[in-house]
Protein chains: 2
Amino acid sequence: MTSDRRRIHPRKQPRQARAELTRQRILDAAAHVFGEMGYAAGTTNRIAERARVSIGSLYQYYPNKDAILLELVTRHLDEGRQALERLREETLPGTLEGIFRAHVRIVIDNHRDDPHLLQVMAEQAPRASEVLERVSRYERERVAYVEELLTRHPDARVRDTHVAARLIVATVELLVHQLTAAPDPVEAGRLENELVAMVTRYATGGGAV
Amino acid sequence: MTSDRRRIHPRKQPRQARAELTRQRILDAAAHVFGEMGYAAGTTNRIAERARVSIGSLYQYYPNKDAILLELVTRHLDEGRQALERLREETLPGTLEGIFRAHVRIVIDNHRDDPHLLQVMAEQAPRASEVLERVSRYERERVAYVEELLTRHPDARVRDTHVAARLIVATVELLVHQLTAAPDPVEAGRLENELVAMVTRYATGGGAV
DNA sequence: GTCTATAAATAGATAGAC
DNA sequence: GTCTATCTATTTATAGAC
């Protein structure tokens with residue numbers, strides 16, 4: 001029989017690392033399948049197949065289909081959130097245009113990997129309650145951030161800061177989704193410039209920036 | 001037995017009218033169910049139930065579920081399209097802001113009935129090929145219209161008219177969807193003003209409007 | 001023309017062998 | 001830990017009585 005020492009310290013024991021790798025494979029496969037086929041057609045069987053894992057194994061890593069999507073959404077949101085947090089700490093100095101540019105760039109970068117997946121997540125996922133909650137919480141944070149900016153920054157000229165902030169956040173998010181995932185996508189640099197122009201001119205009341 | 005005359009001219013024969021009414025009932029029910037529950041959860045059984053028609057009857061009017069959605073989408077697009085067509089004939093005089101206002105108002109009006117349904121149609125329907133084709137054709141028409149406007153109108157100050165037109169059309173459409181269907185919708189009149197301000201300032205290069 | 005009952009297909013999820 | 005085989009639920013769609 002195997003000694004206790006052997007059992008307690010099997011050599012090069014890759015348990016956790018291997019499991020983590022499989023999780024990641026499943027997640028990558030799900031990202032691909034959802035992005036390519038949409039949420040409904042992205043079945044667990046197809047995800048398992050692409051991850052080259054049996055359906056049974058998939059269910060050992062995730063309790064159900066929505067849990068996979070939830071993790072995908074959570075990771076995406078967390079990346080954006082962290083980037084925004086860094087921005088928030090760095091800049092209050094700078095022009096309004098400069099701040100908006102940083103903001104827009106974060107959103108575009110955050111969507112570069114897989115625009116189609118992001119579109120699926122933004123459009124089809126939110127019906128699931130927990131995903132919806134996370135998305136809307138993140139959105140509220142961003143609106144609050146922009147609203148504060150519109151209140152404090154000397155360049156800002158808007159009457160209702162709350163509504164204006166909602167418009168700005170929605171504009172950036174939705175247009176990046178739409179125009180990077182379109183069949184004929186707008187090039188990233190140009191999109192950045194145009195979006196910055198749009199929201200800056202809006203926020204500064206149409207005066208010179 | 002019944003005479004030939006009786007068979008050919010049954011009195012007050014309501015065949016077509018009644019059928020048309022049933023079709024409309026099914027369509028209304030589908031609009032409600034899709035808008036309330038989304039596309040996937042909007043099953044044919046639920047639609048039939050709400051229309052107070054048996055499932056068998058429903059399939060006598062529509063060959064499948066997607067055909068119902070397609071008709072819903074088509075009707076919506078046609079309404080917007082006709083309104084846009086009227087606008088196009090009436091105005092080339094007027095300020096750029098005035099034209100944009102008319103444009104924005106059309107979109108808002110076109111979404112007033114049932115914002116949630118429209119959001120479902122915009123988000124979940126497009127995966128179906130035929131619907132996608134119609135939606136993108138209508139969108140191309142609108143982009144072409146705005147692009148021409150940006151090219152000809154003296155107030156317009158944009159470099160790349162095509163990209164600018166895409167941004168403007170997408171902004172109006174997406175923000176109306178998002179902000180009228182949100183849990184805390186932005187009031188229609190205010191939304192109109194803010195959207196007009198945003199796209200006008202963008203199109204006029206940030207100068208005074 | 002409308003209904004009930006059900007067929008056919010496919011999804012998500014689980015059991016149990018290995 | 002991973003697999004195959006299978007269950008259960010649900011959906012679209014059809015058949016056939018009335």
Side-chain angles (χ1 to χ4, degrees), chain A residues 2 7 10-30 33-34 36-72 120 124-125 127-131, chain B residues 2 7 10-30 33-34 36-72 120 124-125 127-131:
Chain A
T2 56
R7 297 180 94 174
R11 64 189 186 127
K12 219 56 194 288
Q13 172 183 350
R15 285 178 310 193
Q16 297 287 37
R18 210 173 115 87
E20 188 49 44
L21 218 71
T22 307
R23 261 183 95 85
Q24 189 60 47
R25 276 234 311 287
I26 294 171
L27 221 48
D28 289 345
V33 172
F34 283 143
E36 204 81 359
M37 322 186 64
Y39 177 71
T43 66
T44 48
N45 278 298
R46 273 196 255 264
I47 294 170
E49 187 186 20
R50 183 170 176 96
R52 289 192 300 181
V53 163
S54 79
I55 181 66
S57 294
L58 182 147
Y59 276 98
Q60 202 150 21
Y61 289 89
Y62 292 94
N64 55 55
K65 177 175 162 165
D66 283 337
I68 303 177
L69 187 73
L70 179 62
E71 182 155 340
L72 240 29
V120 167
Q124 304 180 14
R127 311 267 160 190
S129 58
E130 195 169 358
V131 176
Chain B
T2 57
R7 296 180 97 175
R11 64 187 184 127
K12 219 55 193 294
Q13 174 183 349
R15 286 176 308 191
Q16 297 287 39
R18 208 175 115 88
E20 188 48 45
L21 217 71
T22 307
R23 261 184 94 84
Q24 188 60 48
R25 275 234 310 287
I26 294 171
L27 223 49
D28 290 344
V33 172
F34 283 143
E36 204 80 2
M37 322 186 64
Y39 177 70
T43 67
T44 48
N45 277 300
R46 275 196 254 263
I47 294 170
E49 186 185 19
R50 182 169 176 98
R52 289 192 299 182
V53 165
S54 78
I55 181 66
S57 294
L58 182 147
Y59 276 96
Q60 202 149 23
Y61 288 89
Y62 292 95
N64 54 55
K65 176 174 163 168
D66 284 337
I68 303 177
L69 188 71
L70 178 62
E71 183 156 339
L72 239 29
V120 168
Q124 304 179 14
R127 313 268 158 186
S129 59
E130 196 171 357
V131 174

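Please read these numbers as outputs of a predicted model, since none were measured by experiment. Letters A, B, ... are given to chains in the order of the sequence lines, protein chains preceding strands, and every chain is numbered from 1.
Distance B:R23 CZ to C:dT2 P: 13 Å, rounded to the nearest Å. Rounded to whole Å, the distance from CZ on B:R25 to C1' on C:dG1 is 13 Å. Whole-Å rounding puts the B:L69 CG to D:dT11 P distance at 17 Å. Distance A:E20 CD to D:dG1 C1': 16 Å, rounded to the nearest Å. Protein atom OH of B:Y62 is 21 Å distant from nucleotide atom P of D:dT11, rounded to whole Å. The CD1-C1' distance, from B:I47 to D:dT12, rounds to 11 Å in whole Å. One can place CD1 of A:I26 at 9 Å from P of D:dT2, the figure rounded to the nearest angstrom.
The CG atom of B:D66 lies 11.0 Å from the OG1 atom of B:T44; values are rounded to the nearest 0.5 Å.
A:A51 and A:I26 make their closest contact through CB-CA, 3.9 Å (heavy atoms, listed as atom of the first residue, atom of the second, distance). A pairwise comparison of heavy atoms in A:R23 and A:E71 identifies NH2-OE1, 2.7 Å as the closest pair.
Regarding contacts with the backbone of C:dG1, every side-chain N or O of B:S57 stays at 4.0 angstrom or more from both OP1 and OP2.
Residue-environment remark: CD (A:E130) stays at or below the threshold of 12 foreign heavy atoms within 6.0 Å.
When heavy atoms are screened at a 4.0 angstrom cut-off, A:Y61 is found touching the sugar-phosphate backbone but no base atom.
Under the 6.0 Å distance and 45° angle rule, B:K65 does not count as a cation-pi partner of B:Y59.
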Going 5' to 3' through nucleotides 11-18 of chain C, assign each nucleotide B (protein heavy atom under 4.0 Å from a base atom), S (under 4.0 Å only from sugar-phosphate atoms) or - (no protein heavy atom that close). SSBB----
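A donor and an acceptor atom, one from each side chain of B:Q24 and B:D28, are located under 3.5 Å apart.
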